[in-house]
Amino acid sequence: MKLNYRDKMILIVVFVLLIIVAGFMLFIKPAIDECSQASSDLESAKVQLSELEDQVDKDKNLAAEIQTLYTSTSQVAANFYDYQVAYKATDKVRELFNVDDVKIKNSNMTISSYGSTVLSPFAYESTATATDFDTKVDEYNNASTTDSSAADANTDVNTDANAADTNETAAQTIGYYSLNIQFKSSLSGFKNFADNLTTNNEKSMVIENVSIENVNESEISGSMTLNMYVLKKLADPSAS
């Protein structure tokens, strides 16, 4: 079939259009989609970068805050024994027994495995009574306080103090060893040992119970249970 000039031009135009459409579908459209996805990823990365910058700004004093917390917890932990193997714990008890004004002899000492217990606080209620004179002094002191802002400030301080007391008196779980001991000593030596538990630098050993079986003029004997409360020390963050 012989095509005229018009038909040839139509075929050429159709062929060119097909090439253009094929090129758009194969090259241009994927490039547009890729560019759109890259733009979306860029915006997401900018948001993430902004969040990270905010976090970095918040954490710029993190090292100092960690060191402050470490110092405060170390001050609390200093009142307790450090975690130690059982024979070290028994050595510490024998050391306290061998003080010059104590001299307790133990015929048998057993120690429990390291465990945990809950320390529950107790509330102290004063039994002191106020006299009429004390009441009048309190009334005078209250009447002399005329600055309402100071009173409000005191209220805020008391509220914060009460909240702090509530936090401080929450029951805490702590590690401990329990030691069962058969002993002999003078009565004065045992009293000195009990006194030393409240006055020495390490205050976390307490007499859980004691049973005196034999008493004479020079010696007493019996059994007692000692609890040694232990806090595992934290590693110093400044050393890392």
Side-chain angles (χ1 to χ4, degrees), residues 1-86 88 113-121 147-177 204 229-240:
M1 182 176 68
K2 188 176 181 181
L3 298 176
N4 57 30
Y5 177 76
R6 178 176 174 278
D7 293 336
K8 290 180 181 178
M9 292 302 297
I10 291 173
L11 287 175
I12 292 172
V13 170
V14 170
F15 182 73
V16 171
L17 290 175
L18 288 175
I19 292 176
I20 292 173
V21 170
F24 178 81
M25 296 300 295
L26 293 175
F27 301 104
I28 298 177
K29 186 177 184 302
I32 293 174
D33 292 341
E34 185 177 350
C35 182
S36 176
Q37 182 62 44
S39 177
S40 177
D41 293 342
L42 177 61
E43 291 301 320
S44 177
K46 286 181 178 179
V47 172
Q48 186 176 4
L49 176 61
S50 177
E51 293 175 349
L52 290 174
E53 287 175 342
D54 290 342
Q55 188 63 43
V56 169
D57 186 61
K58 291 178 181 178
D59 293 344
K60 62 183 179 181
N61 297 322
L62 184 59
E65 292 173 359
I66 291 175
Q67 189 63 43
T68 299
L69 289 173
Y70 170 77
T71 300
S72 61
T73 54
S74 295
Q75 291 172 349
V76 174
N79 295 313
F80 295 86
Y81 292 97
D82 194 4
Y83 174 75
Q84 55 198 302
V85 293
K88 289 289 186 181
S113 57
Y114 177 77
S116 62
T117 186
V118 176
L119 293 183
S120 298
D147 188 346
S148 60
S149 62
D152 292 340
N154 288 336
T155 301
D156 293 340
V157 170
N158 290 335
T159 301
D160 293 340
N162 290 337
D165 289 342
T166 300
N167 292 332
E168 291 176 358
T169 56
Q172 299 293 329
T173 300
I174 189 171
Y176 85 118
Y177 292 104
S204 62
Y229 295 102
V230 175
L231 274 182
K232 293 185 178 181
K233 302 298 188 294
L234 299 175
D236 189 345
S238 64
S240 58

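Just so you know, residue 1 is the first one in the sequence shown, and it goes up from there. On a predicted model such as this, the values are computed, not experimentally measured, just so you know.
- Distance OG1/T71 to CD1/I66: 11.5 Å, rounded to 0.5 Å.
- In this structure, a donor-acceptor pair under 3.5 Å is absent between the side chains of D33 and Q37.
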Determine, step by step, whether Q48 and L52 satisfy the side chain to side chain contact (heavy atoms under 4.5 Å, CB included) criterion, reporting the C-alpha distance in whole Å, the side-chain angles of both residues, the deciding distance to 0.1 Å, and the verdict.
-> CA-CA 6 Å; Q48 186 176 4; L52 290 174; 4.3 Å; yes

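- The SG atom of C35 sits 10.5 Å away from the CG atom of L42 when rounded to the nearest 0.5 Å.
- Taking OG1 of T68 as the reference point, atom CG of N61 lies at 9.5 Å (rounded to 0.5 Å).
- Residues E43 and V47 form no side-chain contact, since every pair of their non-hydrogen atoms from C-beta on lies 4.5 Å or further apart.
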Can you list the steps and then say if L231 with Y83 is a side chain to side chain contact (heavy atoms under 4.5 Å, CB included)?
-> CA-CA 6 Å; L231 274 182; Y83 174 75; over 6 Å; no

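- The distance from the CD atom of Q84 to the OH atom of Y177 is 6.0 Å, given to the nearest 0.5 Å.
- The distance from the NZ atom of K60 to the CD atom of Q55 is 13.0 Å, given to the nearest 0.5 Å.
- Here the straight-line distance linking atom OH of Y176 with atom OH of Y229 works out to 7.5 Å at 0.5 Å rounding.
- When side chains are defined from C-beta on, V230 does not count as touching I174, because their heavy atoms never get closer than 4.5 Å.
- A distance-only check finds a donor-acceptor pair linking the side chain of T73 to the backbone of L69 [under 3.5 Å].
- Panel note: side chain S74, backbone Y70; a donor-acceptor pair is recorded below 3.5 Å.
- Heavy atoms from other residues, nucleotides or ligands lying under 6.0 Å from CD of E34 number 12 at most.
- Proximity of a side-chain donor or acceptor of S204 to a complementary backbone N or O of Y81 within less than 3.5 Å is detected.
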